[in-house]
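One structure below.
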Amino acid sequence: MKFGGTSVEDATAIDRIAGIVKDRVPERPLVVVSAMAKVTDQLLAMAGAAGAGDLDKALELCLKLRERHYTTAGELLGTGLHTELHSELGEMFNSLEQLLRGICAVGELTPRTSDHVASFGERLSSMIIAPAFVARGLNAALLDARQVIVTDAQHMRAVPQVDEINHRLEIKVAPLLADGRVPVMGGFIGSTPEGKTTTIGRGGSDFSAALVGAGLNAERIEIWTDVDGMKTTDPRVCPDAHRIKIISFEEAAELAYFGAKVLHPATVLPAVEKNIPVLVLNSRNPKNEGTRILSHPEPSKSLFKAIAVKSRITIIDIVSARMLMAHGFLNKVFEVFARHRCAVDVVSTSEVSVSLTVDSNEAIPQIAADLEDLGQVKYSGRQAIVCLVGEAIRERSGVAAQVFDAIRDINVRMISQGASEINLTFVVDEADVPEAVRRLHAKFFADVDPEVFD
Ligand code: ASP
Ligand code: MG
C-alpha cells in the first residue's frame, strides 16, 4: 500500500490512512509513504538556497518544515510525543540544518548532497507515521528504506538494483510480515551498496512500491492518492466522464503522458512484468474501487478507454524541397531539437515537409531560427494534442472514419496513429478542444461497458 504526499499531508490524513491500513491487516500489508505534500519541493528549495549562499532563507524554510512535522506528530501522538520521537525529530532537524550550513559553506550543491537533503522528506514522514500507526493499534514496524532499496550511484535518478533489493526484502522484510508486523517505509529514497543516500527520481515512491511489491510477490499493489482513479476524460470538460474501472498497462502508459498525473505507469513496470495488478485508490474516499491496471485485461466491448488532451502545444512546420529523396534530413531536424533539449511529441511527414509538436516554450523562436538552415519554417502556438486510447483500435477497422466524422467541421492540423496502435492522436486549435472532446465523448462513451466503466 503506497500513500502519496496528499494522503499523508497532515494529522487528519495520516489518521485516515491508519484506518485504511487496519482494514487490510488480515492481508498482511506493507506500507510505503511519500513525504508529506510539498515537502520534497521545499527541501530542494532550501538546498538550492543554501547552495546559492542564502543561508537565512534556507534556515527559514527549514524552520517551517520543523514546525509542520512537530505539529503533525503532536496532533497524532499527543503526550506520547514527549518521548523518543520528540528527540529523534529534533536530531533529524539539527542534522538537516547542519547539512544546509555545510552546503552554504562549500558554496556548491552537488547531486549527492541534494539527494541527502531530499531524503529527509520520506525519512521524516515514515518516522512519524509508524508510531502513529502503533498508537492506533497497528503492529507497525519502521523500516529504513535505505536498507532495502539498493541503487547505483547516479544521484537524483539512481537505478534500483533489483537482485540485491529482492535479497534484502527476503532477509529484512519477509520475516516482519511473517511475524504479523506492518512494515512502514519511505518511498523515493535508497542507498548505494556503500551506504550513500540516493533518490530514484521525482515521484519515485510509486516505483519504490512497485519494486517492493514485485520483490515480495504481492497479490496487488495499491497506490493511494486523492482522486477516484482514472477518468475517461477531464470531468471539467465533460461532467459525465466515467471512472475507468479496468485499464491495460499499455493504455495507462499512453495516457500518462497527457497529464493523467494520477500515476506514471513506467514506475509500476516491475509489478506489471510480474502480472501483479496495480490499483489506483482514493484515501479520501476509500470505498471507491478506483482503477485497476492489469497487464492483460479481458478485451472490452468499448472501442476507447479514454480521451486525453495536452494543451499549450506549438506546431513547427519545416518545408524543404531538399527533403525529397534525401537521407539524413530528419536526423538534422531532430539534432536541432536535441541541441535545445526540447522534447518532440507528435511527428508527421510528407515527402517535402515535416510537422512536429513541442510543448510551448521560450526557446521556440531560437529553435525556429536554427531550423531555417534546413528549410522554410513556420510555427503556431495555442494548439492541443487530443489522444484517444484503447486496445480495441488494433482489431477494428473504420475507427478513424468514426472519429473524424464526429468532428468533421473542426480543423485538424496533424494526425498520427502510434506504432502501438492503441492510440489515435490529432492536433487541433486549443480553442476547439472542449467542443471536440465533448462530441467524441458523447459518441464513444454514451453507452459504455459497465464491467469496464462506472
Ligand atoms: N516525495 C517525492 C517527490 O515528491 C517522491 C514521491 O512523492 O513519490 O518527488
Ligand atoms: Mg507522488
Side-chain angles (χ1 to χ4, degrees), residues 1-10 13-14 16-17 30-48 61-62 64-66 68-69 72 92 96 99 109 111-130 142-146 148-149 151 154-160 165 184-191 197-214 221-227 229-230 252 256 259-271 278-284 290 293:
M1 304 177 75
K2 179 261 172 173
F3 294 93
T6 53
S7 296
V8 298
E9 66 186 354
D10 55 22
I14 295 170
R16 209 184 283 132
I17 69 161
L30 176 145
V31 174
V32 173
V33 292
S34 283
M36 294 170 74
K38 307 242 157 62
V39 167
T40 308
D41 288 336
Q42 289 158 1
L43 286 164
L44 293 173
M46 60 187 90
L61 286 167
C62 185
K64 279 202 193 120
L65 206 65
R66 186 194 282 258
R68 178 165 172 207
H69 284 86
T72 306
M92 283 285 278
L96 177 56
L99 197 55
L109 178 64
R112 183 171 140 190
T113 321
S114 171
D115 270 357
H116 193 175
V117 174
S119 75
F120 277 78
E122 271 71 10
R123 285 158 64 199
L124 286 162
S125 65
S126 56
M127 211 168 126
I128 293 172
I129 291 165
L142 178 62
L143 196 68
D144 187 337
R146 295 171 297 176
V148 178
I149 305 296
T151 71
Q154 289 182 62
H155 287 283
M156 302 176 86
R157 47 161 182 274
V159 179
I165 292 173
V184 175
M185 62 185 268
F188 178 53
I189 64 176
S191 124
T197 299
T198 54
T199 63
I200 58 175
R202 290 305 308 272
S205 297
D206 296 336
F207 195 16
S208 305
L211 287 163
V212 172
I221 292 173
E222 297 182 348
I223 304 290
W224 289 86
T225 162
D226 56 1
V227 291
M230 299 181 174
K261 286 205 197 66
V262 178
L263 145 114
H264 202 296
T267 62
V268 295
L269 197 58
V278 177
L279 277 66
V280 179
L281 297 159
N282 186 353
S283 67
R284 286 163 210 221
I293 305 172

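Order of appearance sets the numbers: ligands from 1, and atoms from 1 within every ligand.
Taking a cut-off of under 4.0 Å to the non-hydrogen atoms of R202, the atoms of ligand 1 that pass are 3 (C), 4 (O), 9 (O). Near S34, meaning under 4.0 Å from one of its heavy atoms, ligand 1 places the atoms 6 (C), 7 (O), 8 (O).
Between the side chain of S125 and the main chain of S34, a donor-acceptor pair closer than 3.5 Å is present. Of the possible polar contacts, one joining the T198 side chain to the G190 backbone as a donor-acceptor pair under 3.5 Å is found.
Heavy-atom distances between G204 and ligand 1 reach below 4.0 Å in at least one pair. Heavy atoms of G121 stay at 4.0 angstrom or farther from ligand 1.
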Original post:
For W224 and I17, what are the C-alpha separation, side-chain angles and deciding distance, and is it a side chain to side chain contact (heavy atoms under 4.5 Å, CB included)?
Top reply: CA-CA 9 Å; W224 289 86; I17 69 161; over 6 Å; no
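The N/O atoms of G203, backbone and side chain alike, include one that comes under 3.5 Å of an N/O atom in ligand 1. Among the atoms of K2, none of the N or O lies under 3.5 angstrom from an N or O of ligand 1.
For T267 against A210, the heavy-atom pair with the smallest separation is O-CB, 3.4 Å.
With salt bridges taken as basic N to acidic carboxylate O contacts below 4.0 Å, none links R16 and D10. The pair K2-E122 does not meet the salt-bridge criterion, since no charged nitrogen lies less than 4.0 angstrom from a carboxylate oxygen.
Residue S205 holds the heavy atom nearest to atom 8 (O) of ligand 1 of all those in A35, S205, A37.
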